[in-house]
> 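The following block contains the structure, expressed as structure tokens.
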Amino acid sequence: MAIEAGRRAGSVHRADSLGTGAPRRAGRGRPTRAGEFWWWIFMRVSGLILLVLAVGHVLIMHVFGGGVDRVNFGFVALRWQSPFWRTWDWLMLSLALVHGINGLRVITLDYVRRPGVRIATNWFFATAGALAFGLGSIVVFTFDPCKWPGTVGIHC
Amino acid sequence: MAQRRTASRTGGFGSLYRGREGQWSWLAHRVTGVGIILFLFAHVVDTALVGWGPSAYNRVVSVYKNPPIRLLELVLVGMVIYHALNGVRIMVIDFWPKANDWNRQLVYGTVLLFGLGMIPITYFIVKPIFVKYF
């Protein structure tokens, strides 16, 4: 009966997410249960997409077609002539950073026991990720080989 | 102590993660994941140098062409392939709970696929070292 009322009010489940029956402490933020559910979904969905993007990237750039020996400025300039590869690389950058940094957050839950240190660690990685995301996005979308005339195969 | 070891060997604390295949694949997933994200930070910076022109970018990618770095490259590619294959195994168990009963077999299947895949990958990554230097 109480549960039904709580469902209607939309509060009882969240207030007692651990099922301990303890009252919710004042000042505590929204329990993370719903958040963790969406992170769980995100890890799987992004994992599936990265299965194509990251494994494809590794096979194309490092294994087949000559590997890293052929990679240089001209190679990237030609490759990024195509919006397809720019989109591929940017999507991979975004998903891999969020997937990886959330993975690190899950790991700190196991090994960094003091909440203050854990929060600081997570903020450190999140900030590093945001910087990497910003830098990578700017380069992927603003790269223009015509700033360096004479690149083979590029007509400006 | 002996009792604890036996329990962990037979999966007495729960079959999916405690001891044996489940635990090792979990550990490998974690280690490869951390390895990949740490490399990713460096890789974003080195790739971003393409926005600073040919001399900057060509100089930084020449690092990847050193023979010892190629072995690290092989390790990195292996980490990505393992993490991807093992991620698929995790999702199979998540979305089809009956697969849990076959976890050991799935782990060995993952390792087998990984090993088979790494044969041609190792060949292609290591071959240039011999072509160039011997």
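As the structure is a prediction and not an experimental result, all values here were calculated from the model. Computed from heavy atoms alone, side chains included, the values below leave out hydrogens, waters and symmetry copies. The chains referred to below are lettered A, B, ... by the order of the sequence lines, with proteins before strands, and numbering in each begins at 1.
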> With heavy-atom distances below 4.5 Å as the criterion, would you say the side chains of B:Val50 and A:Val139 are in contact?
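Side-chain contact under 4.5 Å: yes.
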> With a 4.5 angstrom heavy-atom cut-off, could you sort out which part of A:Val58 is near chain B: side chain, backbone, both or neither?
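Only the side chain of A:Val58 comes within 4.5 Å of chain B.
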> Report whether A:Phe141 and A:Phe73 are members of the same hydrophobic cluster (ILVMFWY, side-chain heavy atoms less than 4.5 Å apart, transitive linking).
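In one cluster with A:Phe141: A:Phe73, yes.
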> Please classify the contact of A:Ile101 with chain B as side chain, backbone, both or neither, using a heavy-atom distance under 4.5 Å.
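For A:Ile101, heavy atoms of backbone and side chain both lie under 4.5 Å from chain B.
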> How many angstroms lie between CG in B:Leu38 and CZ in A:Phe125, if you round to the nearest 0.5 Å?
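B:Leu38 atom CG to A:Phe125 atom CZ measures 6.5 Å (nearest 0.5 Å).
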> With a 4.5 angstrom heavy-atom cut-off, could you sort out which part of A:Ile107 is near chain B: side chain, backbone, both or neither?
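For A:Ile107, backbone and side chain are both near chain B.
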> Let me check something: do A:Leu109 and A:Val112 share a hydrophobic cluster, defined by ILVMFWY side-chain heavy atoms less than 4.5 Å apart, either directly or through other members?
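Shared cluster, no.
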> Specify which of B:Gly51, B:Pro54, B:Gly33 makes the most heavy-atom pairs with chain A at under 4.5 Å.
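Sorted descending by pairs with chain A, the first entry is B:Pro54.
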> Is any residue of residues 112-120 of chain B within less than 4.5 Å of chain A by heavy atoms, and which ones?
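Within residues 112-120 of chain B, near chain A: nothing under 4.5 Å.
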> At a heavy-atom separation under 4.5 Å, does B:Ile121 approach chain A through its side chain, its backbone, both, or neither?
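Looking at B:Ile121, backbone and side chain both touch chain A.
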> Is it possible for you to say whether A:Phe75 and B:Ile69 belong to one hydrophobic cluster, with membership spreading through side-chain heavy-atom contacts below 4.5 Å?
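As far as the 4.5 Å side-chain criterion goes, B:Ile69 and A:Phe75 are not connected within one cluster.
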> What pair of heavy atoms forms the shortest contact from B:Ala84 to A:Leu51, and how long is it?
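Reported closest heavy-atom pair: CB-CD1, 3.5 Å.
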> How close do A:Gly100 and B:Ile37 get, heavy atom to heavy atom, and via which atoms?
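Distance-wise, the nearest heavy atoms are CA-CD1, 3.7 Å.
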> Which bit of B:Val60 is near chain A, if near means a heavy-atom gap under 4.5 Å: side chain, backbone, both or neither?
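The answer is neither part of B:Val60.
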> Decide yes or no for A:Leu97 and B:Phe41: does some side-chain heavy atom of the first lie under 4.5 Å from some side-chain heavy atom of the second?
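The answer is yes, as the side chains (C-beta and beyond) meet within the 4.5 Å cut-off.
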> When only pairs under 4.5 Å are counted, which of A:Gly47, A:Gly136, A:Ala128 shares the most heavy-atom pairs with chain B?
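Going by pairs under 4.5 Å, I would pick A:Ala128.
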> Just by distance, which donor-acceptor pairs between chain A and chain B come in under 3.5 Å?
residue, atom, partner, partner atom, Å
A:Arg44, NE, B:Asp94, OD2, 2.4
A:Arg44, NH2, B:Asp94, OD2, 2.8
A:His62, ND1, B:Glu73, OE2, 2.6
A:Asp69, O, B:Lys65, NZ, 3.4
A:Asp69, OD1, B:Arg70, NH2, 2.7
A:Asp69, OD2, B:Arg70, NH2, 3.2
A:Val71, O, B:Lys65, NZ, 2.9
A:Phe73, N, B:Asn58, OD1, 2.7
A:Asp110, OD2, B:Arg30, NH1, 2.9
A:Asp110, OD2, B:Arg30, NH2, 2.9
A:Tyr111, OH, B:Arg30, NH1, 3.1

> Are B:Leu40 and A:Ile138 grouped together when hydrophobic residues (ILVMFWY) are joined by side-chain heavy atoms under 4.5 angstrom apart?
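No; tracing contacts between hydrophobic side chains, which count when under 4.5 Å, never links both residues.
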> Applying a strict under-4.5 Å side-chain criterion to I, L, V, M, F, W and Y, I'd like to know whether A:Phe133 and A:Phe124 cluster together.
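Yes.
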> Non-hydrogen atoms of chain B under 4.5 Å away: do they reach the side chain of A:Val71, the backbone, both or neither?
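Answer is both: backbone and side chain atoms of A:Val71 are under 4.5 Å from chain B.
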